[in-house]
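First comes the structure, then the notes that go with it.
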Amino acid sequence: MAQDKKPDEALTGVDRWEASVGGAGGGRHKAGKDSAKKAKKDKPRGKGRKDPRVRRYVSTLVILLVVLVVAVIGFTPVGQRITQGLDIQGGVSVIMKASKADGSTPTSDDMTTATGIVQNRVNALGASEATVQQQGTDSILIQIPGATDANEAIETLGKTGHLEFVRLDQIGDADAIMQLSRGAGDVQLKEGTYKAFMDGSVIDKVTVNQDSNSATGGYAVNLTLNSEGTQKFAEVTRELAPTKGQIAIVLDGVIYSAPAVQNEIANGQVSITGSFSLDDANQLKTVLDSGSLPVTLTYSESRVVGPTLGQDSLAQGVTAIAIGVAVVVIYLFFFYGGLGILTMGSLAVFAILYLGLLALLSHFGLFALTLPGLAGVVLTTGSAADSSILVLERFREEIRMGRSIRQASISGAKHGISTSLDADAVTMVTALALFFVAVGSVKGFGLTLALGIVCDVITMFCFKAPALRLLARGPIERHPGFWGVKKDLKEAELARDARDEKGGVQNA
């Protein structure tokens, strides 16, 4: 049926323009304008301007690279920078039983102080990586890596601390006096060359406080003496104050400090100053506490661990890690193509951060690698590989859902890391529980497990995510076949065609 049309003259100017645009070529013209707008919006930025996200990804990777270089310098050579525990390096393990002079069981405070005394004695042996731990209510476990003579260790550690106060002008050891005048510390006195005017039994309390008179913010060690000690100390300080004479603090024949008397102290409140750091003050407090603690340490049991078995176990553990990583890499290249390179990089970053952190803790005497700790290293290495697989699998899934490679790299990394964090959180709770509740070598397992999780989280945010997103903006888009996503793109295209075909049938 023919349709009547009004003459153009009856139409307004706007109506005629809309009719002309809506006619032949009108729709194409409008679409062309929209396309031009979109093209203008999507036009690549100038050479001098970069996407802020790209700058952020690059900056993150550059900072990470600097940290990795520092870590490599820090843990090289590994065998010297990471402390090895007793079960790997070999050494002596001793259990000492504590008792009081009256035969009663020491209190928890007594045991805490005794443990500190033993730790200082072990450190004096040159074994700063040794572990000293309380076991039960009246026993102390001492493990000294590298030591070979259990009897010598027992003799040294089992002494009852004997604290004495000696006037420096009444010490007959000329060599010791000369060493003190040169500023030497921990000077050994020859037996029979001195006589103490009082011992540590007169000390009621020892505290550490900040020295209010120190211009540098140092600390002071404060002693409270009983009535007997107050009287003796008053007599000595009265005689030494005019000449600023010194009083040597001697523990087991070793002079640990020799402060000068500034004035007579008649009230039993003694303050030892000298611009002490907090560590120095606490160390002197431990020395002073040892004299006031009537605890006797006696031998309970000991064993000497040879290094051969431990080194063999270490070699086997390292071999297990190498084989595991090799199997994971082969698997990733087989199933993920070129994306396996990204996973290799992630594992390398994880390993460098891990070793650097272990070397840092070893440097400060806070870590020693044991066989249980090595098991924690193996376990967390597997967790790091799992994290990479989760991120890659989610990236490919996002592509199959129809997102572009760039979009998939952003959302895929985000969701993959989120899933990994949930798993890491559960493992971290277990690791912290083992570290704070367990004793002995199990604590080492908990510590390495927790440190591995921390390194994995840093690797995910500082390497996996930015590296994947940068690769998605160029190499992966240009060579999807090499990077293993060509099949995913084809699957997404087929899914879109199927949806379009279904929509066309319904519209028809």
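Numbering of residues begins at 1 and proceeds along the displayed sequence.
- Residues Lys464 and Thr459 form a side-chain contact, since some pair of their non-hydrogen atoms from C-beta on lies under 4.5 Å apart.
- Residues Ala281 and Val221 approach most closely at O-CG2, 3.6 Å, considering heavy atoms.
- When all heavy atoms of Gly376 and Leu449 are compared, the pair lying nearest together is O-CD1, 4.2 Å.
- Inter-residue side-chain proximity for Asp173 and Ile177 is flagged as unmet; no heavy-atom pair is nearer than 4.5 Å.
- When all heavy atoms of Arg469 and Ser409 are compared, the closest pair comes out as NE-O, 3.5 Å.
- A pairwise comparison of heavy atoms in Ile95 and Ser139 identifies CG2-CB, 4.2 Å as the closest pair.
- For the pair Ile249/Phe165, a side-chain contact is recorded, criterion being any heavy-atom separation below 4.5 Å from C-beta on.
- In this structure, Cys455 and Leu357 have side chains that are in contact, with non-hydrogen atoms separated by less than 4.5 Å.
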Please list, one pair per line, the donor and acceptor atoms closer than 3.5 Å that link side chains of residues 414-423 to other protein atoms, with sequence neighbours excluded.
from: His415; atom 1: ND1; to: Ser411; atom 2: O; distance (Å): 2.9
from: Thr419; atom 1: OG1; to: His415; atom 2: O; distance (Å): 3.1
from: Ser420; atom 1: OG; to: Gly416; atom 2: O; distance (Å): 3.1

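- The shortest distance between side-chain heavy atoms of Arg81 and Leu358 does not fall below 4.5 Å.
- Considering all non-hydrogen atoms of both residues, Gly446 and Ala431 come closest at O-CB, 3.5 Å.
- Interatomic distance, CG of Leu180 versus CD1 of Ile255, reported as 4.5 Å (0.5 Å rounding).
- Here the shortest heavy-atom pairing between Asp169 and Arg167 reads OD2-NH2, 3.0 Å.
- Put simply, OG1 on Thr448 and CG on Leu379 are 8.5 Å apart, with the number rounded to the nearest 0.5 Å.
- Within the model, atoms CD1 of Ile203 and CE of Met198 stand 6.5 Å from one another, a figure rounded to the nearest 0.5 Å.
- Contacts of Asn267 classified as side-chain contact (heavy atoms from CB on, under 4.5 Å), with partners at least two apart in sequence or in another chain: Ile265, Gln269.
- For the residue pair Ser387/Asp456, the side-chain donor-acceptor check at 3.5 Å is satisfied.
- To the nearest 0.5 Å, atoms CG (Leu471) and CZ (Phe395) are separated by 8.5 Å.
- The distance from the OG1 atom of Thr207 to the CG atom of Asn209 is 4.5 Å, given to the nearest 0.5 Å.
- Here the side chains of Leu68 and Leu353 are in contact, with some heavy-atom distance below 4.5 Å.
- A donor-acceptor pair under 3.5 Å links the side-chain atoms of Gln188 to the main chain of Gly253, judged by distance alone.
- In this structure, Gln179 contributes its side chain and Ala184 its backbone to no donor-acceptor pair below 3.5 Å.
- Proximity of a side-chain donor or acceptor of Ser362 to a complementary backbone N or O of Ile82 within less than 3.5 Å is not detected.
- Counting heavy atoms of neighbouring residues, nucleotides and ligands inside a 6.0 Å radius, atom CE of Met428 exceeds 12 of them.
- In terms of modelled atom types and a separation under 3.5 Å, the side chain of Asp424 and the main chain of Ile453 share no donor-acceptor contact.
- Using cut-offs of 30° and 60° on the angle between ring planes, the pair Phe197 and Phe233 is tilted.
- Here CG of Asp175 is found 10.0 Å from OG1 of Thr193. Values are rounded to the nearest 0.5 Å.
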